[in-house]
Participant: 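Have a look at this one.
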2 protein chains.
Amino acid sequence: MGRDNWKIIRDQISAEISAGMLQPGAQLPTESQLCQTFHAGRHSVRRAVAALAVEGKLRVEQGRGTFVQVAPLISYHIGRRTRFRQNLLEQGISPAGEQLADAVVPASARVAAALGLAEGSPVHRLLRRGLADGVPINIGLSYHCATRFPDLAAQRMEGVSVTDIYRSHGITDYFRKRTIVFARRPDGEEAGLLMQHPDQPVMVLQKTDVDAAGQPIGYSEAVWAADRVQFSFDSQDEGEAAPESAIDV
Amino acid sequence: MGRDNWKIIRDQISAEISAGMLQPGAQLPTESQLCQTFHAGRHSVRRAVAALAVEGKLRVEQGRGTFVQVAPLISYHIGRRTRFRQNLLEQGISPAGEQLADAVVPASARVAAALGLAEGSPVHRLLRRGLADGVPINIGLSYHCATRFPDLAAQRMEGVSVTDIYRSHGITDYFRKRTIVFARRPDGEEAGLLMQHPDQPVMVLQKTDVDAAGQPIGYSEAVWAADRVQFSFDSQDEGEAAPESAIDV
DNA sequence: GAGTGGTCTAGACCACACG
DNA sequence: GTGTGGTCTAGACCACTCA
C-alpha cells in the first residue's frame, strides 16, 4: 500500500473506538485478521496497535489478545487539606490503597536530606499502590524515621491513616512543604503495577511533610499514570506577583 | 541472534554514551554500519535507536543522520512571584522568548469561561516559544481580552513584558489563580517546535491570571518538554492540612 | 496443541538532506 | 546523484495463554 499506511490503520481503529463500534473491553480481531482487513503487512498493523496502546486506547496482552482499554480521568487537586480519599470521593470515585511492601532501610543521601536525618539512619520505606474504582492510579514510596514512628509500617498495613499515626505521636498538624513534579517514561515494574503501557508517560510527584515547627516528618515519591489523572495547584492570593511573560505558566 | 536483541543494542549504545565514548553532538554510525557491528537486522537497530531517541539520548534527523543529544535539565519553580526570566537566570541559564504567531480570534467556550467573557468575544491569541540557552523548552498559547488590551500583541512582539502591559492598563498587581498540570504525548507540530522526539512526553500547564479583585485577565496553556524541566510548587504553611495517606502526594 | 502476540531477518522502495 | 533515515511486505521462529 501507500506510505504512512500504519497511520491510516491507527486512525481507522481509533475512529471505530470513538464511534462506539468497538466497545470498551471488547477484543480486537487478531493481527492476521487485521492484516487482511487493511490489506497491510503485519508490521504496519503492529505499529498502529502499538501507537494506540501507548495512547491508552488499547491494551495488548501477549498470548491472549488485544482489547479496547477503559480509561477514566481523575482530577486531583493539591492545595489546602489535600486528602487522597476525599479528593476521589468528591468525584464519585471509590478510593483504595494497598501496601505492596515495607521495610526498614538505612536512609539514602536524598532521603536523609529530605527528612533532616543522618545518612544511614533507619527509616521505614513503604511501597503502596493507590486505586480509583479498582484501577491503579499511582505507586508511592514513602519514608519516615523508624526511630520516631516505630510501628508505622504495621499500623499502615492495618489501615491506620498517616494523619492518625502522626496524631498518636503528638503531631496535631502538619503541612505539605513543597511538591516537585516532572514526567518521564516508567520502568517495566512501574508500568506493570500501574497496568499501563511502558511507553505511556508517568508523572512523578515528590513532596516533604513538615510539622508545625517546620521539621520534616515524612517524604514520599509517587508515580502517577499520566493518562488517568491531572493535577491542579492553587497559588495563594496574598502577596503574590504573577509571571512577566505570557509563555510563563 | 537471540531474543530481545534490540534491548541489548539499546543498552550497548546507551552505555557508550554514558561512558563518554559517544560525545554529545557526535554522529552515530549509519544504520547499515550498526547492523554489521551488532550482527543484527535493520529492524532491531532501528528499534534500539528509536527507544533511545524517545529517552532523549539520541536525536534522529531524516536524511542527515543520528546524533547524541544534549539534554539540559531545568528546575522551574512556581509560587510567589514566578518569572520566566528570573527562574532561569538563577540557575545560570540564559532565557529567551520568541513570538511565533498572534491573532485576534473569537473566544472559544473554554477561553471565554476562563476569562469571564462571552463566547465569541475578540481575544488576543499569542503563540510564543521559550528557550533556555537557545534550546526550546516550552510553547505557550496565551489569551487576553482584545478590547481591554488592544495593543497587546504588538507590544509583546516588541518585547514589552506582560507585567508592564498590565501596569499600563492600571493593573498594578495580579495573581496566578490555579495551575493545572498533566502529561501527554505531543502532536507533531509541538514535537517539532520543541525539537524533541514525538514519543517523548510533554507536560501541559494551564493557568489563569487574576487581578487584585479576583477578575480574570489572562489565560494560558503551555507545553513543556518533559525531559528538560521539572516543576516545584510551594504550598502555603498557613492553615493547611496534609494528606492522610502516604501514597498521597 | 492451537492460537495469540513478540521478535527477528531479508529485501525493496520512498522521502529528505546535501554537495 | 549519493547517502541518510522512513516505511513497507514476506516469512520465519519464539513466548505466552488457555483449553
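We use all heavy atoms of the structure for the numbers below, so side chains are in, but hydrogens, waters and symmetry mates are not. Chain letters run A, B, ... following the sequence lines, proteins first and then strands; every chain starts at 1. Predicted model, so just to flag it, every value in this text is computed and none were measured.
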Participant: When the ring planes of B/His43 and A/His43 are compared, do they come out parallel, tilted or perpendicular, using 30° and 60° as the limits?
Facilitator: perpendicular
Participant: Enter the distance from B/Ile74:CD1 to B/Ile137:CD1 here, rounded to the nearest 0.5 Å.
Facilitator: 4.0 Å
Participant: Any carboxylate oxygen within less than 4.0 angstrom of a Lys/Arg side-chain nitrogen, looking at B/Glu55 and A/Arg185?
Facilitator: no
Participant: What integer distance in Å separates A/Gln36:CD from D/dA10:C1'?
Facilitator: 14 Å
Participant: Just to confirm, is there a sub-4.0 Å distance from OP1 or OP2 of D/dT4 to any side-chain nitrogen or oxygen of B/Thr66?
Facilitator: no
Participant: In whole angstrom, give the distance that lies between atom NE2 of B/His43 and atom P of D/dG5.
Facilitator: 17 Å
Participant: Could you tell me the separation between the CZ atom of A/Arg46 and the C1' atom of C/dC8, rounded to a whole number of Å?
Facilitator: 11 Å
Participant: Which is true for A/Arg47 with a 4.0 Å heavy-atom rule: it touches a base, it touches only sugar-phosphate, or it touches nothing?
Facilitator: sugar-phosphate
Participant: What is the separation between atom CD on B/Gln33 and atom C1' on D/dG3, rounded to the nearest whole Å?
Facilitator: 11 Å
Participant: Within the supplied structure, the quantity of interest is the number of heavy atoms (other residues, nucleotides, ligands) at a distance under 6.0 Å from B/Arg59 CZ; does it exceed 12?
Facilitator: yes
Participant: Could you check how far NE2 of B/His197 sits from P of D/dG5, rounded to whole Å?
Facilitator: 14 Å
Participant: For a quick check of understanding: with a heavy-atom distance under 4.0 Å over all strands, which category does B/Arg42 fall into, base, sugar-phosphate or nothing?
Facilitator: base
Participant: Hey, is CZ on B/Arg10 packed in by over 12 heavy atoms from elsewhere, all under 6.0 Å?
Facilitator: yes
Participant: Judged by each residue's nearest nucleotide on DNA chain D, which is more toward the 5′ side, A/Val45 or B/Ser32?
Facilitator: B/Ser32
Participant: State the CG-CG distance between A/Leu205 and A/Asn138, to the nearest 0.5 angstrom.
Facilitator: 9.5 Å
Participant: What parts of residues 57-65 of chain A reach DNA chain D, counting only heavy atoms under 4.0 Å away?
Facilitator: A/Gln62, A/Gly63, A/Arg64
Participant: Just the rounded figure in Å: distance from P of D/dA10 to CG of A/Asn5.
Facilitator: 12 Å
Participant: I need the CD-C1' distance between A/Glu31 and D/dT9, as an integer number of Å.
Facilitator: 15 Å
Participant: Between D/dT4 atom P and B/Leu34 atom CG, what is the distance in whole Å?
Facilitator: 11 Å
Participant: Counting side-chain heavy atoms from CB outward, which of C/dT9, D/dT4, D/dC8 is closest to A/Trp6?
Facilitator: D/dC8
Participant: How many angstroms lie between CG in B/Leu58 and OG1 in B/Thr66, if you round to the nearest 0.5 Å?
Facilitator: 7.0 Å
Participant: Measuring to OP1 and OP2 of C/dT7, would you say a side-chain N or O of B/Ser44 lies under 4.0 angstrom away?
Facilitator: no
